[in-house]
Asker: 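Sharing a structure below in C-alpha cells format, with a few things to ask.
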Amino acid sequence: MTETRSRPDVRATPPPALPASLRAPLGLAAALGALVVVLLGVVSASHSEPGRVDTWVQPASTELSSPWRTIALALDFLGQPVGAVLLVGVLAVGCLPLRGPRAAALVVVGAGLTVVTTTLLKHLVGRTIHGDNLSYPSGHTALLTALALAVALPVTGRARLGRTAGTLLVLTAALVAGAAAGWAQVSLGAHYPTDALAGWCTALTVLPATAWLIDRTVDAARPGRR
C-alpha cells in the first residue's frame, strides 16, 4: 500500500508584507538611507540656519501662488495628526484586499514607527527653524513616504512583480510621495530641504525593516512552526 502524504496548504500561508524578491534591494536602500540620515544629522546638529545645500536648493523663500499653496496646504494637512489618522485608516482598510492583515498592519505599524523615529531624531539632532521649532528630519515627508511604501509593497506582491520591476515600482512610489511632501514643507517654510531629504531617507529605512519584522513576528506565531 502506498502512503499518501498530504501537501501543505499554500493558501493557508499569509502573503508576506515584504516580498522575498525585494528583501535584498530594499535592505540595501534602507542601509543607504540610514547612512544619509546619520551624516546629515551630524552636519545639521544644533543648527538654526540653512546649510549650503539648503541655500543651493532654495536660494530665497518665495510666496506660493494659488493653486500651488492650496495643494501644499492639503499635503501638509495629511501629515497633521487628524489628517494622518484619517489617511492611515483609509489606507489600512484599502490594503486588506491586497495582501491581507499583514498589509494593513504594515500601514499602521509602519506609520507609527516612522512618527516615533522622526520625533526621536528631532530631539537628538536639535536642529531648529523659526525659533525653537525642531525641524530635522521632516516628519511630514517621512510619514507620507512611509505610507506610499506601505501601499506599494503589497501592490508589488499582489502583481507578482520580479525584483527589478518591483523595486522600481516601490522606489518610484516613495520618490513621488517624498518629493511632493518635501516640496510642500519647504515651500511653506516649515523645513529646510535637507530636512525633507532626511525624512525621505528615514521612511526608506523604517518601512522595509517594519515589513520584515511583521513577517518574522507573524511567521513565528503560526501554529506548528518550530
Side-chain angles (χ1 to χ4, degrees), residues 13-38 41 78-79 81 83-124 137-159 161 163 166-178 181-182 196-222 225:
T13 304
L18 180 63
S21 61
L22 300 187
R23 288 173 188 168
L26 290 190
L28 176 60
L32 292 175
L35 180 61
V36 171
V37 172
V38 171
L78 294 177
V85 169
L86 291 175
L87 183 59
V88 168
V90 170
L91 292 180
V93 173
C95 278
L96 283 172
L98 291 175
R99 300 290 277 180
R102 294 197 196 194
L106 180 58
V107 171
V108 177
V109 179
L113 289 179
T114 300
V115 171
V116 170
T117 302
T118 54
T119 302
L120 291 175
L121 286 171
K122 284 177 186 292
H123 288 87
L124 182 64
S138 167
H140 286 68
T141 305
L143 177 61
L144 294 186
T145 302
L147 291 176
L149 284 167
V151 173
L153 281 173
V155 169
T156 300
R158 180 82 172 185
L161 299 179
R163 174 176 295 185
T167 302
L168 183 61
L169 173 63
V170 170
L171 292 183
T172 299
L175 182 60
V176 171
L197 175 60
W200 185 76
C201 289
T202 299
L204 203 60
T205 301
V206 172
L207 244 291
T210 303
W212 177 84
L213 183 61
I214 289 174
D215 288 335
R216 294 278 295 187
T217 303
V218 174
D219 290 342
R222 283 172 55 200
R225 184 175 177 85

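Numbers for residues simply follow the sequence, beginning at 1. The basis for the numbers below is simple: all heavy atoms, side chains too, and nothing from hydrogens, waters or symmetry mates.
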Asker: Give me the atom names and distance for the closest heavy-atom approach of G110 to V206.
Answerer: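 For G110 and V206, the tightest heavy-atom pair comes out as O-CG1, 4.4 Å.
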
Asker: What residues form a side-chain hydrogen bond (donor to acceptor under 3.5 Å, both in side chains) with T145, not counting sequence neighbours?
Answerer: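 Here no residue qualifies.
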
Asker: With sequence neighbours left out, what residues match L87 under side-chain contact (heavy atoms from CB on, under 4.5 Å)?
Answerer: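 L78, L91, L144, L147.
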
Asker: Donor-acceptor pair, S138 side chain versus G199 backbone, under 3.5 Å?
Answerer: no

Asker: Residues two or more places apart in sequence or in another chain: which of them pass side-chain contact (heavy atoms from CB on, under 4.5 Å) with L169?
Answerer: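 In terms of side-chain contact (heavy atoms from CB on, under 4.5 Å), with neighbours along the sequence ignored, L169 is linked to V155, T156, L161.
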
Asker: Looking only at non-hydrogen atoms, find the nearest pair between A173 and A148 and report the distance.
Answerer: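 Minimum heavy-atom separation between A173 and A148: O-CB, 3.6 Å.
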
Asker: Can you check whether L26 reaches L171 side chain to side chain, under 4.5 Å on heavy atoms?
Answerer: yes

Asker: Between L153 and A17, what is the shortest heavy-atom contact and its length?
Answerer: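 Looking at all heavy atoms of both residues, the closest pair is CB-O, 3.8 Å.
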
Asker: Using every non-hydrogen atom in the two residues, find where L143 and T114 come nearest and quote the distance to one decimal.
Answerer: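 The answer is N-CG2, 4.0 Å.
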
Asker: Check whether any side-chain heavy atom of L197 lies under 4.5 Å from a side-chain heavy atom of T141, and answer yes or no.
Answerer: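 No, their side chains stay 4.5 Å or more apart.
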
Asker: Would you mind telling me which of T210, V170, L106 makes a side-chain contact (heavy atoms from CB on, under 4.5 Å) with L149?
Answerer: V170

Asker: What's the shortest heavy-atom distance between T202 and P137, and which atoms?
Answerer: OG1-CG, 3.9 Å

Asker: Just how far is it from atom CG of L18 to atom CZ of R216, taken to the nearest 0.5 Å?
Answerer: 12.5 Å

Asker: Mind checking what makes side-chain contact (heavy atoms from CB on, under 4.5 Å) contact with R163, not counting sequence neighbours?
Answerer: S21, A24, P25, T167

Asker: Can you tell me how far apart CG (L124) and OG1 (T119) are? Round to the nearest 0.5 Å.
Answerer: 12.5 Å

Asker: Answer yes or no: is there a donor N or O on one side and an acceptor on the other, between the side chain of R23 and the main chain of W212, under 3.5 Å?
Answerer: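 Side chain of R23 to backbone of W212, a donor-acceptor pair under 3.5 Å: no, none is there.
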
Asker: Look up atom OG1 in T118 and atom NE2 in H123, then write down how far apart they are to the nearest 0.5 Å.
Answerer: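 So the gap between those two atoms works out to 10.5 Å.
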
Asker: Of all the heavy-atom pairs spanning V107 and C95, show the shortest one and how long it is.
Answerer: CG2-SG, 3.8 Å

Asker: Rounded to the nearest 0.5 Å, what separates atom CG in L32 from atom CG in L28?
Answerer: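 Between atom CG of L32 and atom CG of L28 there are 4.5 Å.
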
Asker: Working to the nearest 0.5 Å, report the span between CG of L113 and OG1 of T205.
Answerer: 12.5 Å

Asker: Under the rule for side-chain contact (heavy atoms from CB on, under 4.5 Å), what residues qualify as partners of A209, not counting sequence neighbours?
Answerer: none

